[in-house]
Trainee: 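Supplied in structure tokens, the structure appears directly below.
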Amino acid sequence: MGSDSEAEKAQKEKKNVVSLAPIARPLAGKKLSKKTFKLIRRASEHKCLRRGVKEVVKSIRRGNKGLCIIAGNISPIDVITHVPILCEEAEIPYIYVHSKEDLATAGATKRPTCCVLVMTKPTKGELGQEEQEKLISDYKQVVSDVTDLTSTLV
């Protein structure tokens with residue numbers, strides 16, 4: 001029985017790799033994905049998260065700073081091709097993750113999400129000092145990992 005589930009896992013993973021968009025670079029590995037999803041969960045709890053292409057683009061154009069996380073298995077890819085360009089123009093770091101379903105789960109939504117923008121400050125209200133420090137430390141850790149990954153690709 002154990003071998004059947006391993007075979008199914010391998011087949012599912014192969015399918016996920018096949019469904020990735022060719023522009024999904026830099027792509028987060030398992031460890032970085034885990035850290036990123038943890039950051040998204042924390043940001044979602046504190047209302048420091050923008051979900052979906054429209055909201056993310058609007059936030060970037062308004063000058064909000066943060067970390068943009070984009071799903072790599074979006075079809076059609078035209079939906080998100082402009083987001084990395086906007087991020088580069090606004091000097092916002094971005095990273096691709098494997099699946100939009102995982103991105104939605106981390107962001108506490110039921111519908112699959114193409115991209116999210118993690119900010120360090122909520123748009124309304126204030127965070128407590130301790131929560132703010134935890135969010136910022138997680139944010140800085142993930143951003144440094146993302147910049148390290150992008151610098152090795154160039």
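This one's a predicted model, so the numbers in the text were calculated from it and none came from an experiment.
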Trainee: Taking atom CD1 of Ile23 and atom CD1 of Ile74, what is their separation to the nearest 0.5 Å?
Mentor: 10.0 Å
Trainee: Treating Lys140 as the side-chain partner and Leu135 as the backbone partner, does any N or O pair qualify as donor plus acceptor under 3.5 Å?
Mentor: no
Trainee: Could you state the interatomic distance from OG1 (Thr120) to CD (Glu133), rounded to the nearest 0.5 Å?
Mentor: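 The distance works out to 13.0 Å.
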Trainee: Nearest 0.5 Å, what's the CG-CD1 distance between Leu32 and Ile69?
Mentor: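 The CG atom of Leu32 sits 9.5 Å away from the CD1 atom of Ile69.
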Trainee: Ile92, Ile136: one ILVMFWY side-chain cluster at the under-4.5 Å cut-off?
Mentor: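 No, Ile92 and Ile136 fall in different hydrophobic clusters.
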Trainee: Do you know the tightest heavy-atom contact between Val143 and Pro93?
Mentor: CG1-CG, 4.1 Å
Trainee: Any luck finding a side-chain donor-acceptor pair between Arg51 and Ser44 under 3.5 Å?
Mentor: yes
Trainee: Is the backbone of Lys100 close enough, under 3.5 Å, to the side chain of Asn73 for a donor and an acceptor to pair up by distance?
Mentor: yes
Trainee: Check whether any side-chain heavy atom of Tyr96 sits under 4.5 Å from a side-chain heavy atom of Ile80, and report yes or no.
Mentor: yes
Trainee: Can you give me the closest heavy-atom contact between Arg111 and Ala104, atom names plus distance?
Mentor: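 Of all heavy-atom pairs spanning Arg111 and Ala104, the closest is O-CB, 3.0 Å.
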Trainee: State the CD1-CG distance between Ile40 and Asp138, to the nearest 0.5 angstrom.
Mentor: 11.5 Å
Trainee: Checking side-chain contact (heavy atoms from CB on, under 4.5 Å) against Ser33, which of Val97, Ile95, Asp102 comes through?
Mentor: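 With Ser33 as partner, side-chain contact (heavy atoms from CB on, under 4.5 Å) holds for just one option, Val97.
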Trainee: Does a sphere of radius 6.0 Å around NZ in Lys65 hold more than 12 heavy atoms from other residues, nucleotides or ligands, not counting ones at 6.0 Å or beyond?
Mentor: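 Correct, the count exceeds 12.
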Trainee: After noting the C-alpha distance and the side-chain angles of Asp145 and Leu149, does the key distance pass the side-chain contact (heavy atoms from CB on, under 4.5 Å) rule?
Mentor: CA-CA 6 Å; Asp145 290 352; Leu149 184 64; over 6 Å; no
Trainee: So which atom in Val56 and which in Arg50 form the shortest heavy-atom distance, rounded to 0.1 Å?
Mentor: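 Shortest heavy-atom separation between Val56 and Arg50 comes out as CG2-O, 3.6 Å.
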Trainee: Under a 4.5 Å cut-off applied to non-hydrogen side-chain atoms, are Cys87 and Ile60 in contact?
Mentor: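 SC-SC contact between Cys87 and Ile60 confirmed.
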Trainee: Quick one: does Asp148's side chain get under 4.5 Å of Thr152's, heavy atoms only?
Mentor: no
Trainee: Do you know which two heavy atoms are closest between Cys114 and Leu103, and how far apart they sit?
Mentor: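 Cys114 and Leu103 have their closest heavy atoms at O-CD2, 3.7 Å.
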Trainee: In the structure I gave you, are the side-chain heavy atoms of Tyr94 and Cys115 within less than 4.5 Å of one another anywhere?
Mentor: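 Sidechains of Cys115 and Tyr94: no contact.
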Trainee: Are any non-hydrogen side-chain atoms of Val57 and His82 less than 4.5 angstrom apart?
Mentor: yes
Trainee: Would you check if the side chain of Ser137 reaches a backbone N or O of Lys134 as a donor-acceptor pair within less than 3.5 Å?
Mentor: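 Yes, Ser137 side chain to Lys134 backbone: donor-acceptor pair under 3.5 Å.
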Trainee: Is the shortest side-chain heavy-atom distance between Leu39 and Leu67 below 4.5 Å?
Mentor: yes
Trainee: Indicate yes or no: at least one non-hydrogen side-chain atom of Lys121 is less than 4.5 angstrom from one of Gln132.
Mentor: yes
Trainee: I'd like to know whether Lys35 forms a side-chain contact (heavy atoms from CB on, under 4.5 Å) with Gln141, so could you lay out the CA-CA distance, the side-chain angles of the two residues, the decisive distance to 0.1 Å, and finally the verdict.
Mentor: CA-CA 9 Å; Lys35 283 183 186 177; Gln141 178 66 44; 3.4 Å; yes
Trainee: Which atom pair, heavy atoms only, marks the closest approach of Gly107 to Leu49?
Mentor: CA-CD2, 3.9 Å
Trainee: Could you tell me the separation between the CG atom of Leu20 and the NE2 atom of His98, rounded to the nearest 0.5 Å?
Mentor: 6.0 Å
Trainee: So, does Glu131 use its side chain to make a donor-acceptor pair with the main chain of Gly128 at under 3.5 Å?
Mentor: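 Yes; judged by distance alone, with no hydrogens or angles, the pair exists.
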Trainee: Whether the side chain of Tyr139 engages the backbone of Gly66 through a donor-acceptor N/O pair (distance < 3.5 Å, no angle test) should be reported.
Mentor: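 Yes; at least one donor-acceptor contact below 3.5 Å.
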Trainee: Could you go through the side-chain contact (heavy atoms from CB on, under 4.5 Å) check for Asn64 and Lys58 one step at a time?
Mentor: CA-CA 9 Å; Asn64 292 334; Lys58 193 176 0 174; over 6 Å; no
Trainee: Is Cys68 close to Val116 at the side-chain level, that is, under 4.5 Å between some pair of heavy atoms?
Mentor: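 No, their side chains stay 4.5 Å or more apart.
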